[in-house]
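The structure appears below as structure tokens.
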Amino acid sequence: MAKELTSRAADYSQWYNDLILKGQLADYTAVRGCMVIKPYGYALWENMRDVLDKMFKDTGHVNAYFPLFVPKSLFEAEEKNAEGFAKECAIVTHYRLKNDPSKPGKLMVDPEAKLEEELIVRPTSEAIIWNTYKGWIQSYRDLPLLINQWANVVRWEMRTRLFLRTAEFLWQEGHTAHATKEEAIIETKKMLEVYADFAENWMAMPVIKGVKTASERFAGADDTYCIEALMQDGKALQAGTSHFLGQNFAKAFDVKFSDKENKLEYVWATSWGVSTRLIGGLVMAHSDDDGLILPPKIAPLQVVIVPIFKSDEELGMITNKVNEIMPELKELGIRVKFDNSDAARPGWKFAQYELQGVPIRLAIGVRDLGNNVIEVARRDTKTKTSVTLDGISFYVKALLEEIQLHMFNRAKQYRDEHITPANNWEEFVDILDNKTGFVSAHWDGTAETEEKIKELTKATIRCIPLNNEQENGKCILTGNPSKERVLFARAY
RNA sequence: CGGGAGGUAGUUCAGCCCGGUAGAAUACUUGGUUUGGGACCAAGGGGUCGCAGGUUCGAAUCCUGUCCUCCCGACCA
């Protein structure tokens, strides 16, 4: 079974690629580093997007859309932000092609059509948005501004990987403006909670909420909060970030407001985002050697019904019964498909839907009709049971919930078992090399030490967990005093 | 961007070293038998050999350039 898939043990990277490609989530294109998200993968993204969008709106945000291009002069206004992204920008320099006189039928860039000012294809939108906000904000009555946009961005990464790091990707970016520092910090933390809620309760992917060290911070932020997830190969994945931007962008773009005392103040800012990278995390958090395992709440298809028949007459009998069940399932809001195609035999369908991670498979043949039962197969545990057809829709509904919970608990158990304290350097390195996962260790708080540890072990500080327990100790590398442990890991 | 590997039928690949009518498996189409874990038989269709130059009587094969992918590294909100 699953004979064409590479196993995780044999080659984890290849297994990951196999699942994306053969599970039909995405495919390569002729464009370097850019993928096409196929209908099945896009359906997954749509489900994720819809849930997040509702969460944003429930927390008072509205959607808008800003330009893809950022004039270079605006892009460079916030210096740290510009510096952070400068090395991975796509730049528009011309606006016209013309026939190439030396190569008939071919086109060339028209040198006459050079732009006065280059346009940067947005790697993130703070610059264009804050330049726009300048015109929208005059008074404290204009605040807060709570805006989100669903968009694509481009980052010219040297090395790309499907979903995890592509040159162009889809995401949402929230950009809010506030009258006070306190309010902006509350917003930053609120959105981190939204992300954690989404990751854990919808994607069934446990995350650690924390704050980044100064060197891992978003370029232009005063603080970067993050959710960190753990993949099955023991590597960490930054799954979402929420930034407290202070007044950095307000100052760079001169965005001031009059407060109640008619004093001019700079606006306080936040930005926060999650991307299609979440899909990569979803794949690596849950799936197995037989294919994808998708959490029911966001799976494009939650239930597939596969008929087992030897003749049209038998298929007719089965179809009659399925026609009773389908409306009941749909009535309960379940995304269900009846695969009565005769192009593939049952065994092939079983394997295909397992590869694509459909949470529940129902198989029904005439034998089952006689016994008034149906075979229920769970993707997460690969167990099969024969269940009475009476009230089957409620059984399926409950089972979907159970699968969702089981997937989360299983991932959480793995994650929890892979947060390991290290009290000396030998332990630290041993855990990273052999056990993998997060290592909880003391750090002296300096960027130099952080960098040195990264050089020596390739592990980075993923975050300083929120509500971190305070505990006096000694830095794992330097032995200097430390007040708390931080989480290290090798990461994607 | 450095090192390594690769790109030939929808897919996985052989052929390349040593230039001479483009192959296999699988998938697809049709017919038949089948159908409770990736069925079988028969017939059939499908290719600018990544792209662009060059060498040659002749290039999938040799040479040069270029694009895309994978792995390792550097980089990485």
Could you work out the separation of B:U21 and B:U12 based on their C1' atoms and round it to a whole Å?
26 Å
Just to be sure I understand the rule, does A:R361 reach a base, reach only the sugar-phosphate, or reach nothing, if contact means heavy atoms closer than 4.0 Å?
base
Taking 4.0 Å as the cut-off, does a side-chain nitrogen or oxygen of A:N17 come that near to OP1 or OP2 on B:C71?
yes
Does the base of B:C76 carry an N or O that pairs as donor and acceptor with the side chain of A:R165 under 3.5 Å?
yes
So what does A:V31 hit on the nucleic acid, given a heavy-atom distance under 4.0 Å: a base, only sugar-phosphate, or nothing?
sugar-phosphate
Does A:E314 reach a base, just sugar-phosphate, or nothing at all? Heavy atoms under 4.0 Å.
nothing
Taking side-chain hydrogen bond (donor to acceptor under 3.5 Å, both in side chains) as the cut-off, I'd like each qualifying pair that reaches into residues 72-94 of chain A, sequence neighbours left out, listed once.
A:S73-A:E117
Counting the atoms with a prime plus P, OP1 and OP2 as sugar-phosphate, which does A:F218 contact under 4.0 Å by heavy atoms, base, sugar-phosphate, or nothing?
sugar-phosphate
Using atom CD of A:E455 as one end and atom C1' of B:C75 as the other, report the distance to the nearest whole Å.
14 Å
Taking atom P in both B:C63 and B:A27, what distance in whole Å separates the two?
37 Å
Looking at A:K384 and B:G37, is any side-chain donor or acceptor paired with a base atom of the opposite kind under 3.5 Å?
yes
Using the C1' atom as the point on both nucleotides, what is the distance between B:U8 and B:G44, in whole Å?
22 Å
Quick one: is B:G36 close enough that its OP1 or OP2 comes under 4.0 Å of any side-chain N or O from A:R345?
yes
If B:U66 has a Watson-Crick or G-U wobble mate with both distances under 3.5 Å, name it; if not, just say none.
B:G50
If you look only at distance, which donor and acceptor atoms sit under 3.5 Å apart when one is on a side chain in residues 360-368 of chain A and the other is two or more places apart or in another chain?
| from | atom 1 | to | atom 2 | distance (Å) |
| --- | --- | --- | --- | --- |
| A:R361 | NH1 | A:E354 | OE2 | 2.9 |
| A:D368 | OD2 | A:G365 | N | 2.8 |

On a whole-Å scale, what distance lies between the C1' atoms belonging to B:C75 and B:G65?
27 Å
Just say parallel, tilted or perpendicular for the rings of A:Y12 and A:W15, cut-offs at 30° and 60°.
tilted
In terms of the angle between their ring planes, are A:F169 and A:W171 parallel, tilted or perpendicular, with boundaries placed at 30° and 60°?
perpendicular
When the C1' atoms of B:G10 and B:C28 are considered, how many whole Å apart are they?
8 Å
Using a cut-off of 4.0 Å on non-hydrogen atoms, how would the nucleic acid contact of A:G33 be classed: base, sugar-phosphate, or nothing?
sugar-phosphate
Take atom OH of A:Y492 and atom P of B:C75, then tell me their distance rounded to the nearest Å.
18 Å
Between B:U66 and B:C1, how far apart are the two P atoms, rounded to whole Å?
11 Å
Does any N or O in the side chain of A:R277 come within less than 3.5 Å of the main-chain N or O of A:R165, such that one atom is a donor and the other an acceptor?
no
Taking any heavy-atom pair under 4.0 Å as a contact, classify A:G84: base, sugar-phosphate, or nothing.
nothing
So what does A:T29 touch, heavy atoms closer than 4.0 Å: a base, only the sugar-phosphate, or nothing?
sugar-phosphate
Under 4.0 Å, counting only non-hydrogen atoms across every strand here, what does A:F169 touch: a base, just sugar-phosphate, or nothing?
base
Using a 4.0 Å heavy-atom cut-off across all strands, classify A:Y28 as base, sugar-phosphate, or nothing.
sugar-phosphate
